[in-house]
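One structure is given here, and the rest of the page talks about it.
Residue numbers begin at 1 in each chain, while the letters A, B, ... track the order of the sequences.
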There are 2 protein chains.
Amino acid sequence: MPELLTAIVDDHPIVIEGLKTLLANEENLRIVSGFCKGEELLSYIENNKLDLVLLDITLPDINGIELCQRIKQLSLSTSILILSNHTERSIIMQAIQNGASGYLLKNSSIDELRHCISEAVKGNICYSKEVMEIISRPSKNELQGVPRLTRREKEILVLIAAGKTSQMIAQELFLSPLTVDTHRKNLIQKFGVKNVAELIMEASRQQQL
Amino acid sequence: MPELLTAIVDDHPIVIEGLKTLLANEENLRIVSGFCKGEELLSYIENNKLDLVLLDITLPDINGIELCQRIKQLSLSTSILILSNHTERSIIMQAIQNGASGYLLKNSSIDELRHCISEAVKGNICYSKEVMEIISRPSKNELQGVPRLTRREKEILVLIAAGKTSQMIAQELFLSPLTVDTHRKNLIQKFGVKNVAELIMEASRQQQL
DNA sequence: TTTTCTATACTGATTTTTAGGTATTTTAAT
DNA sequence: ATTAAAATACCTAAAAATCAGTATAGAAAA
């Protein structure tokens, strides 16, 4: 059995080095490279074979979830294992949807990491214990999923979060304050919340801010 | 020169292991232990000598900043180096105020880490390059620093963030709605914001939520 | 081309928040 | 024992947000 050619993508050099040394003793694994940026991995993949990628969600250039998709476009045979701090159910699901074979939190144990790697390369989908729990019990807030906001709504959301009133926003965007009120109302409705306080809370929790 | 007895505190086992192996070759360093929880370190320190602690801000039990203080209370001779992802100027300053000898971001290079360790144990304060920049240009929002909230204020802040109105909060806490309004007013004033939207935004940005 | 979605704007009524104070009682610290 | 801080409560009035609707023009998708 040949060694699995593996790359690590994480914006923390310390984590990359850590993973490298941690996995150095694995028989069937060969860490060929570590990257801080997503683009670096993509250009590597264009010229080299890769069996496995350990991938972070938060990267300086591209989002890890989009990166999943692009890796799979370039090389369908490459397995992807997400190693992230994000505990949002929606993010986990999106990652899997985009081709990841597993999802681990960074605070998972070394054994879990080893186990998930071996499952991933076998072609199975594998989660760490904590992630499994997150997937299994969707919290009330997450039941209706992440609301898709229109461009205008996003724009107004950030202005609300900046403490601006409907009048101020209206002036800034050359709109009627009544229109801004409508968008505000729609935002509150889309997020399923009662008022701006909860709106901002939810939006920032969901990384929409 | 004797070896520096060093401990690592981080909620990510992978980071702990990574740092351990990364620093294994350092001549003057001896990693004696790694902990995921703050309390574990504190009880260790009560019985053992430690020269250096590499410390994360986000921990499952105690806040890293408070932990700084408590480490210094137990053992003034122990140097603390913060290794965190938080780029908030206020958090960095608080850490230093509470006795840390340096602050590194997790995405800093291995060389920076080595350099800061050597400076810290010499008794100097040392920051990674990026952190240095953050310290040097205080953003507008951060000029007045993190407001210290009272217990009641914190309590009411989370209820506001949950979308509750003053009346609802008053009922829940067996207070007059007018009292809740006063606390609300004080929160807005302490944070230097215009309304709850901005309040929740700031509070969540500052990890006070 | 018809339908759906987005962005726009309005009415009217009600609730909530915000801004400007003041003031008393607990609780904690010196 | 004194002082300072925190928690409590109130007043008045204006500003803003929320609820519950309706409606229309333009863009995008079916």
Side-chain angles (χ1 to χ4, degrees), chain A residues 140-141 144-206 208-209, chain B residues 66 69-70 73 94 97-98 141 144-206 208-209:
Chain A
K140 301 118 211 166
N141 295 336
Q144 73 265 1
V146 176
R148 304 158 214 72
L149 305 184
T150 66
R151 218 172 301 152
R152 215 25 155 194
E153 284 167 350
K154 275 182 207 164
E155 196 178 10
I156 286 172
L157 177 58
V158 308
L159 293 172
I160 291 173
K164 311 219 164 136
T165 64
S166 289
Q167 273 97 327
M168 295 165 79
I169 296 170
Q171 274 197 300
E172 205 162 316
L173 302 181
F174 308 107
L175 293 174
S176 157
L178 299 162
T179 306
V180 178
D181 275 338
T182 303
H183 286 303
R184 177 192 286 270
K185 204 194 317 181
N186 291 338
L187 280 165
I188 284 176
Q189 191 242 304
K190 278 194 180 180
F191 275 87
V193 295
K194 289 184 285 301
N195 52 34
V196 273
E198 206 182 349
L199 171 69
I200 302 300
M201 197 57 194
E202 261 305 296
S204 89
R205 207 179 56 79
Q206 290 178 11
Q208 301 237 22
L209 268 174
Chain B
E66 285 173 47
Q69 233 176 4
R70 300 194 42 196
Q73 274 166 15
Q94 277 180 75
Q97 226 79 56
N98 284 12
N141 295 337
Q144 74 265 0
V146 176
R148 305 155 214 74
L149 304 185
T150 65
R151 213 172 307 152
R152 214 30 155 187
E153 284 166 349
K154 275 181 208 165
E155 196 177 11
I156 286 172
L157 177 58
V158 307
L159 293 172
I160 291 173
K164 311 220 165 137
T165 65
S166 291
Q167 274 98 325
M168 293 165 81
I169 296 170
Q171 274 196 301
E172 205 161 315
L173 302 180
F174 307 106
L175 293 174
S176 157
L178 300 161
T179 305
V180 178
D181 275 338
T182 304
H183 286 302
R184 178 192 285 267
K185 206 187 326 180
N186 290 338
L187 280 165
I188 284 175
Q189 191 242 305
K190 278 194 182 183
F191 275 87
V193 294
K194 290 183 284 300
N195 51 36
V196 273
E198 208 181 348
L199 171 70
I200 301 303
M201 196 58 195
E202 261 306 296
S204 89
R205 208 179 55 79
Q206 290 178 11
Q208 302 238 22
L209 267 174

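- Between His183(B) and the phosphate of dT8(D), there is a side-chain N or O to OP1/OP2 separation shorter than 4.0 Å.
- For Lys185(A), the side-chain atoms get nearest to dG21(D) when compared with the rest of dT18(D), dG21(D), dA16(D).
- When each of dT8(D), dA9(C), dT18(C) is scored by its nearest atom to the side-chain atoms of Leu175(A), the top-ranked nucleotide is dA9(C).
- Straight-line distance from the CD1 atom of Ile156(A) to the P atom of dA17(D): 12 Å, rounded to whole Å.
- With contacts defined as side-chain heavy-atom distances shorter than 4.5 Å, the pair Thr179(B)/Leu173(B) does not qualify.
- Rounding to whole angstrom units, CD1 of residue Ile169(B) and P of dA7(D) are separated by 15 Å.
- Between Leu199(A) and Leu157(A), the closest side-chain pair of non-hydrogen atoms falls below 4.5 Å.
- Using a 4.5 Å heavy-atom cutoff, the side chains of Val180(B) and His183(B) are not in contact.
- Between Asn186(B) and Thr182(B), the closest side-chain pair of non-hydrogen atoms falls below 4.5 Å.
- Distance, Leu178(B) CG to dA19(C) P: 17 Å, rounded to whole Å.
- Taking a 6.0 Å sphere around CD of Gln171(A), one finds it holds 12 or fewer heavy atoms contributed by other residues, nucleotides or ligands.
- When the C1' atom of dT17(C) is taken as reference, atom CD1 of Ile160(A) falls 15 Å away, rounded to whole Å.
- Residue-to-nucleotide proximity on DNA chain D shows that, of Asp181(A) and Thr150(B), the 5′-proximal contact is made by Thr150(B).
- The shortest distance between the side-chain N/O atoms of Gln167(B) and the OP1/OP2 oxygens of dT15(C) is not below 4.0 Å.
- Positionally, the nearest nucleotide of DNA chain D for Ser166(A) lies more toward the 5' end than for the other of Thr182(A) and Ser166(A).
- At the phosphate of dT8(D), OP1 or OP2 sits under 4.0 Å from a side-chain N or O atom of Arg152(B).
- As a whole-Å value, the separation of Lys194(B) NZ from dA17(D) P is 12 Å.
- Within the structure, a side-chain polar atom (N or O) of Thr179(A) is placed less than 4.0 Å from OP1 or OP2 of dA9(C).
- Whole-Å rounding puts the Lys154(B) NZ to dA6(D) P distance at 11 Å.
- No hydrogens or angles were tested; on distance alone, nothing pairs the side chain of Ser176(B) with the base of dC10(D) as donor and acceptor under 3.5 Å.
- Comparing Arg151(B) and Asn195(B) along DNA chain C, the residue whose closest nucleotide (by nearest heavy atom) sits nearer the 5' end is Asn195(B).
- Closest to the Arg184(B) side chain, of the nucleotides dT6(C), dT17(C), dA9(C), is dT17(C).
- Counting to the nearest Å, the P atom of dT18(D) and the CG atom of Asn186(A) are 13 Å from each other.
- For the pair Lys164(A) NZ and dA16(D) P, the computed distance is 14 Å after rounding to whole Å.
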